[in-house]
Amino acid sequence: QVQLVESGGGLVQAGDSLRLSCAASGLTFSNNAMGWFRQAPGKEREFGAAITWNGASTYYADSVKGRFTISRDNAKNTVYLQMNSLKPEDTAVYYCAARSYDSRALATRPYEYNYWGQGTQVTVSS
């Protein structure tokens, strides 16, 4: 079955960097667009970044633009989220998601993705 496994979360201070990874299995990774979302306690899941099947196009939420970078390595079936200049408001559980249809599209809404990981906690202290 399809599995998306996130890693790389942790506790950091404001201004620090983290790189999240999401390893995919059970699907043809290069046929999928990928996204990163996050969910803070008591809030809805929100879009962070998306990347097309070949990495040629990316899209970011305004809240992370200029600080976060999404990338992928299709040979390793892995998508990454490099997070720089972290802020306390970035604290959340971060999820990666795969979209197996129209992999050339940059989707921003959770229902547009059909596979999800279990999430990894990122906590940014001030």
Side-chain angles (χ1 to χ4, degrees):
Q1 76 271 21
V2 175
Q3 281 194 313
L4 302 177
V5 180
E6 300 96 336
S7 61
L11 172 63
V12 297
Q13 293 187 329
D16 286 351
S17 298
L18 276 177
R19 188 174 84 152
L20 304 183
S21 300
C22 171
S25 60
L27 77 171
T28 304
F29 184 69
S30 59
N31 287 351
N32 284 259
M34 301 297 294
W36 284 97
F37 290 75
R38 65 188 184 185
Q39 188 165 18
K43 294 189 176 181
E44 293 187 353
R45 191 166 298 190
E46 67 169 356
F47 169 74
I51 190 167
T52 53
W53 69 276
N54 60 355
S57 296
T58 57
Y59 185 73
Y60 299 91
D62 287 343
S63 58
V64 307
K65 195 177 299 181
R67 300 187 298 122
F68 291 10
T69 303
I70 187 172
S71 62
R72 66 189 296 160
D73 185 339
N74 286 350
K76 295 183 178 179
N77 288 358
T78 301
V79 62
Y80 305 97
L81 186 67
Q82 177 67 43
M83 306 187 294
N84 299 330
S85 302
L86 283 161
K87 304 175 181 179
E89 51 263 44
D90 294 319
T91 295
V93 177
Y94 283 71
Y95 299 91
C96 72
R99 171 186 167 96
S100 61
Y101 53 98
D102 194 6
S103 59
R104 295 166 296 177
L106 293 165
T108 64
R109 286 162 286 196
Y111 70 81
E112 296 179 292
Y113 291 83
N114 45 335
Y115 301 112
W116 290 85
Q118 82 291 346
T120 186
Q121 176 71 46
V122 172
T123 303
V124 184
S125 66
S126 56

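Using modelled atom types and a 3.5 Å distance limit, the side chains of E89 and T91 yield no donor-acceptor pair. The closest side-chain donor-acceptor pair between N84 and S17 falls under 3.5 angstrom. Side chain to side chain, R38 and Y94 meet the donor-acceptor criterion of an N or O pair below 3.5 Å.
In this structure, CD in E46 is found 12.5 Å from OH in Y95, a value given to the nearest 0.5 Å. Interatomic distance, I51 CD1 to S103 OG, rounded to the nearest 0.5 Å: 12.0 Å. Taken from CD in Q3 to CD in Q118, the straight-line distance is 9.0 Å, to the nearest 0.5 Å. Separation of atoms CG (N77) and CE (M34) is listed at 9.5 Å; rounding is to 0.5 Å.
At least one donor-acceptor pair under 3.5 Å links the side chain of E6 to the backbone N or O of G119. In this structure, N54 contributes its side chain and A56 its backbone to a donor-acceptor pair below 3.5 Å. Remark: side-chain polar atoms of T78 are paired, donor with acceptor, to backbone N or O of K76 under 3.5 angstrom. Side-chain atoms of T52 come within 3.5 Å of backbone atoms of S57 as a donor-acceptor pair (strictly under, hydrogens ignored). Formation of a donor-acceptor pair under 3.5 Å by the R72 side chain with backbone atoms of W53 is found in this model.
Each of L81 and Y113 belongs to its own hydrophobic cluster when Ile, Leu, Val, Met, Phe, Trp and Tyr are linked at side-chain heavy-atom distances under 4.5 angstrom. If you chain together hydrophobic residues whose side chains sit under 4.5 Å apart, Y60 and Y80 never meet in one group. Hydrophobic clustering (side-chain heavy atoms under 4.5 Å, transitive across Ile, Leu, Val, Met, Phe, Trp, Tyr) groups W36 together with V2.
Counting only heavy atoms from C-beta outward, the side chains of L4 and C22 approach each other to under 4.5 Å. Between R99 and Y115, the closest side-chain pair of non-hydrogen atoms is not below 4.5 Å. A 4.5 Å side-chain heavy-atom check between D73 and S71 finds every atom pair outside the cut-off. Residues I70 and V79 have side chains in contact (heavy-atom distance under 4.5 Å, counting atoms from C-beta outward). Using a 4.5 Å heavy-atom cutoff, the side chains of N32 and L27 are in contact. With a 4.5 Å cut-off on side-chain heavy atoms, L18 and L86 count as touching.
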**Asked** What do the steps show when you test D90 against K87 for salt bridge (charged side-chain N to carboxylate O under 4.0 Å, His left out), and what is the final call?
**Response** CA-CA 5 Å; D90 294 319; K87 304 175 181 179; over 6 Å; no

**Item:** Step-by-step side-chain contact (heavy atoms from CB on, under 4.5 Å) determination, L20 to V122
**Value:** CA-CA 9 Å; L20 304 183; V122 172; 4.1 Å; yes

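For Y59, the side-chain contact (heavy atoms from CB on, under 4.5 Å) partners at least two apart in sequence or on another chain are F47, L106, T108. Residues meeting the ring pair (Phe, Tyr, Trp, His ring centres under 6.0 Å) test with W116, sequence neighbours left out: F37.
Here the closest heavy-atom approach between residue A14 and residue P88 is recorded as CB-CD, 4.1 Å. Residues A92 and A40 come closest through the heavy atom pair CB-N, 3.8 Å.
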